[in-house]
Amino acid sequence: MASFVVILGSFTLKLLVSEGSSSCYPRLNRFSSPLTSSPYSYILCNFAFLSSPPHPPFNSSEPKTPPVLNDNDTRPHSVSDDRELKRRAASILETSCNPTPKVAFMFLSRGSLPLAPLWEKFFMGHEGLYSIYIHTSPEFIDEPPTTSVFYKRKIPSKPVHWGTASMVDAERRLLANALLDCANQRFVLLSEACIPLFNFTTVYNYLIKSRQSFIGSFDDPRVTGRGRYNKRMWPTVSLANWRKGSQWFEVNRNLAVEILSDEKYYPIFRNHCIPPCYVDEHYVPTLVNIMSPEVNSNRSITWVDWSKGGPHPKQYVRKDVSMALLNQVRKGFNCTYNGHTTSMCFLFARKFHPSTLEPLLRLAPALLNSMN
């Protein structure tokens, strides 16, 4: 009998050790520090938080039991506290992961996605190569049909007001959710007014093979650039480091982690970049310029027409849509990609009014079936 107890104890110990070193087990009870050999290794493993059973209140005295984890389950979780979400994302270990990299498509929308049928055609047949995350107004509760790629892809969201730091809060919330899946290696921010300019295969290969991220970041000497700098940001953020750019960025995983992990610069922007300074146009471009300028291409891959001037770009309506317009954006520019000159500079375009859906669907075969 004593021998049996010893054997049983040894077996239990081995089992516990084995489970404790599981490749994807998150350490939910402490904030893990990044390893010195790789500053990103603490946030790179694939898991999802299940929405059932519900998570106990964050101020509850009841012990928090880690949710059951399933590497193949990518359903959205129910965590709505930003600090808790960030803590959970930061507790992920970099070990085994889906060997096939995915692109995370992050939609920042007020409500529905009026151009969803076009995006459905874009995503069709490419399951396993993409993830979708949608941040909407909390009051928006409608769901698309269960057959839609957008079904149940909304993340726990909070109110967003144009021109305020809540815009960047939403961007960081999308990044945090997308980083929970370690198969996501590229992260593109889109709006409900965005459209794809090429088919999925072309976009996927362009992003996955890129050696740089795509963030517009430039020194604008005008009042709409340097004129928005607040001297109270000094010395943390200097005028020499101040940059402006498009809100609609695309970043690789390492840069996404840097943006999410930043606790030094973002409070400065949140407190001192107020209208006529707009956080969404300055925070990420300035942060990347300070921390990792070498990994940025200094251009956006989402095209928009600012030729009319003013605070908002041109909005395209039904009568504007033609293959000539789309091809002009697809092939009418020159830029650098992985050290080589190319005419493929933009993968997406905005702002397209809901009335453009019908002509866009009519052009979809030519738009989404061609490789360039």
Side-chain angles (χ1 to χ4, degrees), residues 82 106-111 135-138 157-176 187-194 213-234 236-251 255-256 258-260 262-293 296-315 346 348-352:
D82 287 347
M106 309 180 301
F107 289 86
L108 181 56
S109 173
R110 288 166 290 187
H135 189 294
T136 67
S137 170
S157 305
K158 295 183 180 180
V160 174
H161 303 286
W162 183 82
T164 69
S166 62
M167 296 278 284
V168 176
D169 290 336
E171 296 173 9
R172 285 157 61 98
R173 203 171 291 127
L174 282 163
L175 282 175
F187 304 77
V188 56
L189 181 67
L190 302 161
S191 78
E192 74 269 27
C194 285
S213 294
F214 300 96
I215 304 164
S217 178
F218 63 98
D219 182 9
D220 184 355
R222 302 172 299 171
V223 66
T224 53
R226 289 192 182 188
R228 294 176 177 177
Y229 175 76
N230 189 332
K231 293 180 179 179
R232 293 182 178 180
M233 296 181 173
W234 190 87
T236 306
V237 178
S238 68
L239 180 59
N241 288 326
W242 185 252
R243 294 294 184 271
K244 180 181 179 180
S246 171
Q247 172 188 10
W248 311 103
F249 61 75
E250 192 282 336
V251 296
L255 199 49
E258 286 193 1
I259 295 171
L260 179 64
D262 170 42
E263 295 182 353
K264 177 180 180 180
Y265 300 99
Y266 185 49
I268 301 297
F269 278 84
R270 186 176 55 230
N271 295 334
H272 301 301
C273 181
I274 56 178
C277 179
Y278 301 100
V279 184
D280 57 287
E281 294 183 6
H282 294 280
Y283 169 64
V284 172
T286 302
L287 177 70
V288 173
N289 178 60
I290 294 173
M291 300 184 67
S292 303
N296 185 26
S297 65
N298 286 328
R299 65 182 178 91
S300 173
I301 52 170
T302 299
W303 180 82
V304 68
D305 185 356
W306 287 100
S307 61
K308 294 180 64 176
H312 300 289
K314 173 182 172 62
Q315 183 180 59
F346 299 102
F348 312 98
R350 62 183 301 269
K351 302 172 55 173
F352 283 78

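All values below were derived from every heavy atom in this structure, side-chain atoms included, with hydrogens, water molecules and symmetry-related copies excluded. Being a predicted model, the structure only gives us computed values, none of them experimental.
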Original post:
Side-chain contact, heavy-atom cut-off 4.5 Å: R226 with L239?
Top reply: yes
**OP:** Indicate the atoms forming the closest heavy-atom contact of G163 with M167, along with that distance.
**Re:** N-CG, 4.2 Å
Original post:
Of all heavy-atom pairs between E258 and L287, which one has the smallest distance, and what is that distance?
Top reply: O-CD2, 4.5 Å
Original post:
Any side-chain donor paired with an acceptor under 3.5 Å for Y266 and D169?
Top reply: yes
Subject >> Side-chain touch D219/R243, heavy atoms, less than 4.5 angstrom >> reply: yes
Original post:
What is the minimum heavy-atom distance between S191 and F107, and which atoms define it?
Top reply: O-CD2, 3.9 Å
Original post:
M233 pairs by side chain to side chain contact (heavy atoms under 4.5 Å, CB included) with which of I268, T286, N271?
Top reply: I268
**OP:** Find the distance between SG (C194) and CH2 (W248) and round it off to the nearest 0.5 Å.
**Re:** 6.0 Å
Subject >> Heavy-atom closest pair, residues A165 and R270 >> reply: CB-CG, 3.8 Å
**OP:** Working to the nearest 0.5 Å, report the span between CD of E281 and CD of Q247.
**Re:** 8.0 Å
Original post:
In this structure, which one of Y278, W242, Y229 forms a ring pair (Phe, Tyr, Trp, His ring centres under 6.0 Å) with F269?
Top reply: W242
Original post:
Just wondering, do S217 and N298 contact through their side chains at under 4.5 Å, heavy atoms?
Top reply: yes
Subject >> T136 side-chain N/O to G111 backbone N/O, donor-acceptor pair under 3.5 Å >> reply: no
Original post:
Say you draw a straight line from CG of L189 to CG of L174; how long is it, rounded to the nearest 0.5 Å?
Top reply: 6.5 Å
Original post:
Do any N or O atoms from the side chain of N296 and from the backbone of I215 form a donor-acceptor pair under 3.5 angstrom?
Top reply: yes
Original post:
Is any side-chain heavy atom of S166 closer than 4.5 Å to a side-chain heavy atom of V160?
Top reply: yes
**OP:** Please lay out, stage by stage, how Y265 and M291 fare under the test side-chain contact (heavy atoms from CB on, under 4.5 Å).
**Re:** CA-CA 10 Å; Y265 300 99; M291 300 184 67; 4.3 Å; yes
**OP:** State which residue, out of R110, R173, E171, fulfils the side-chain hydrogen bond (donor to acceptor under 3.5 Å, both in side chains) condition with H135.
**Re:** R173
**OP:** Return yes if some donor-acceptor pair links the side-chain N/O of K244 with the main-chain N/O of T224 below 3.5 Å, else return no.
**Re:** yes
Original post:
Taking atom CG of N289 and atom NE2 of H282, what is their separation to the nearest 0.5 Å?
Top reply: 13.0 Å
Original post:
What are the two closest non-hydrogen atoms of P313 and R350, and how far apart are they?
Top reply: CG-NH1, 4.3 Å
Original post:
Do W306 and V304 have side-chain heavy atoms sitting under 4.5 Å apart?
Top reply: yes
Subject >> Under 3.5 Å donor-acceptor, R228 side chain and P276 backbone >> reply: yes
Original post:
side-chain contact (heavy atoms from CB on, under 4.5 Å) between M106 and L175: does it pass, once the steps are laid out?
Top reply: CA-CA 8 Å; M106 309 180 301; L175 282 175; 3.7 Å; yes
Original post:
How long is the span from the CD atom in E192 to the CZ atom in F352, to the nearest 0.5 Å?
Top reply: 14.0 Å
Original post:
Got F249 and S213 here, is their nearest side-chain heavy-atom distance under 4.5 Å?
Top reply: no
Subject >> Side-chain donor/acceptor of T236 to backbone N/O of K264, under 3.5 Å >> reply: no
Subject >> Taking every non-hydrogen atom, the tightest pair across P285 and G245 >> reply: CG-N, 3.7 Å
Subject >> Rounded distance [0.5 Å steps], CD1 in I274 versus OG1 in T164 >> reply: 11.5 Å
Original post:
Please walk me through it: do S246 and T302 pass side-chain contact (heavy atoms from CB on, under 4.5 Å)?
Top reply: CA-CA 9 Å; S246 171; T302 299; 5.7 Å; no
Subject >> Side-chain donor/acceptor of N230 to backbone N/O of H272, under 3.5 Å >> reply: yes
